[in-house]
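Chain A is the first sequence line, chain B the second, and so forth, proteins listed ahead of strands; every chain is numbered from 1.
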Amino acid sequence: MKTLLNSNLMNITLQRLAHQLVENHMPFTDTAIIGIQPRGIYLSNRIASLVKKISGNNNIDYGLLDITFYRDDVHSADIHVPSDTNMPFSIEGKNVVLIDDVLYTGRTIRSAMDALIDFGRPKRVELLTLIDRRFSRELPIQPDYNGYSVDTILTQKVKVYWQETDGKDEVVLLDKVAP
Amino acid sequence: MGLSVKHLLGIKELNVQDIEQIFKTADNFKQVLQRPIKKVPTLRDTTVANVFFENSTRTRLSFELAEKRLGADVVNFSASGSSVSKGETLIDTVNNILAMKVDMVVMRHSASGAPWFLANHIDASIINAGDGTNEHPTQALLDAYSMREKLGDLRGKRVAILGDIMHSRVALSNIYCLNKLGAEVVVSGPPTLIPKHIESLGVKVEYNVKKALEWCDVANVLRIQLERQHKPLFSTLREYAMYYGVNKQMLDSIEKDIVIMHPGPINRGVEINSDVADSKQSIILGQVENGVAIRMAVIYLLSGKREAESQL
């Protein structure tokens with residue numbers, strides 16, 4: 001097991017990502033931030049509150065998106081239990097920033113884009129991730145904002161811990177996870 | 001995760017976790033049904049056959065809508081006008097349908113136990129859409145889901161099931177389901193329509209409908225199933241309506257507002273009067289609305305791993 005980001009570094013990284021969003025999207029009148037359920041929402045909650053603090057705008061559109069019904073592996077994986085989708089605003093013509101914690105094969109993001117488009121036609125969709133597992137993509141998807149890139153092999157696993165649910169902020173790389 | 005069963009044959013085989021999981025998933029599908037695009041592509045690679053050997057309006061439409069809104073392909077079969085009248089057996093009929101690469105079968109049959117028989121002989125998942133006088137699991141699930149939406153947790157809540165308990169598969173499935181969720185159940189109706197020893201299922205019997213209504217939080221009024229009554233069990237429908245029918249006058253004489261449910265089809269003026277069926281206390285159309293979400297949840301949760309593909 002190797003620590004990729006400790007609590008201190010993670011805080012700096014989150015600050016950077018939030019500042020990058022503010023730099024590109026100020027004043028957030030046409031931007032919606034959307035976290036992907038279930039694990040992406042801890043990152044998106046943090047980013048959304050940081051962005052609100054930095055920009056001074058407390059009325060930023062922020063929603064959660066569940067992608068369970070849009071997955072492409074219904075018959076090859078165990079059944080996934082859905083989480084709630086909560087987007088109390090229209091995404092029509094907006095700049096949407098999708099947020100997930102780890103970008104790996106890209107299939108989750110593919111599902112998320114399909115799910116998103118069922119709610120309307122955004123003007124533009126961007127992707128923000130905390131960890132990018134490079135060279136393991138199965139689809140042509142890349143992040144627009146990324147916290148930390150790591151080269152991994154199939155048997156490894158990246159685990160992100162959050163204070164809110166796991167009691168600590170940390171990102172670790174686990175070896176030899178049973179396939 | 002997923003259900004503990006491969007088929008949905010009856011509520012009897014489900015555990016509380018299964019029921020809770022179906023409700024939780026139905027919540028999410030209910031959200032989907034309120035969007036402008038009421039459809040998800042989850043089962044775009046799945047084909048479902050609705051095989052109905054008995055008449056149906058609501059259940060069949062509801063299943064078909066649920067399947068289409070999950071993105072599945074749907075084929076419909078009804079016994080009237082099919083080769084069943086030429087003497088084809090149940091297994092032959094279903095195997096022929098499955099030979100056309102169908103993944104799931106929704107079946108209604110007039111013989112109690114038909115879906116269990118089928119489950120022993122074919123590989124596809126089976127959903128029971130009502131078998132004879134035995135079970136109608138999706139109806140019980142949507143009834144309990146609708147009650148919960150109205151009253152919150154069903155633990156300790158009082159439910160009266162009124163009418164033709166003897167011939168009703170809705171009654172039996174409701175009793176199993178409500179018992180598992182911790183509700184108290186009373187059945188009420190004429191003694192000839194209440195099976196002997198029904199207390200052994202954990203319900204109480206109250207022959208006086210008015211007393212049952214005074215006791216309960218929810219009254220689920222069932223249809224008199226004349227098509228299943230092969231001997232006279234009460235004198236006339238008019239007499240039944242007078243002594244066992246639910247009307248506004250009766251409801252007004254009760255101090256509290258109880259919730260009125262009916263699985264349909266309604267025989268207005270027999271088991272329930274129009275002034276009750278169309279009143280504010282009635283959630284009959286809400287039941288129908290929830291039916292689609294519940295059936296989407298059941299179909300989704302049963303369409304998990306396929307044997308051949310799980311080896312990937």
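- Contacts between B/Pro41 and chain A at a heavy-atom distance below 4.5 Å involve backbone atoms as well as side-chain atoms.
- Heavy atoms closer than 4.5 Å to chain B are found in both the backbone and the side chain of A/Asp72.
- Nearest heavy atoms, B/Arg44 versus A/Tyr70: NH2-O, 4.4 Å.
- Within the 4.5 angstrom heavy-atom criterion, only side-chain atoms of B/Lys24, from C-beta onward, approach chain A.
- Taking CE of A/Met87 as the reference point, atom CD of B/Gln31 lies at 10.0 Å (rounded to 0.5 Å).
- For the set B/Thr42, B/Leu43, B/Thr25, the entry with the most heavy-atom pairs within less than 4.5 Å of chain A is B/Thr42.
- Side-chain contact between A/His75 and B/Asp103: absent, with no pair of heavy atoms (C-beta onward) separated by less than 4.5 Å.
- One distance of note links CG of A/Asp84 with CG of B/Asp27; it measures 7.5 Å at 0.5 Å rounding.
- Environment of NZ in B/Lys38: crowded, with over 12 heavy atoms of neighbouring residues, nucleotides or ligands closer than 6.0 Å.
- Aromatic ring orientation, B/Phe29 versus A/Phe69: parallel (interplanar angle below 30°, classes split at 30° and 60°).
- Considering every non-hydrogen atom in both B/Asn28 and A/Pro82, the closest pair reads OD1-CG, 3.5 Å.
- Annotation: B/Asp123, atom CG; neighbour count of heavy atoms from other residues, nucleotides and ligands within 6.0 Å does not exceed 12.
- Heavy atoms closer than 4.5 Å to chain B are found in the backbone of A/Ser83, but not in its side chain.
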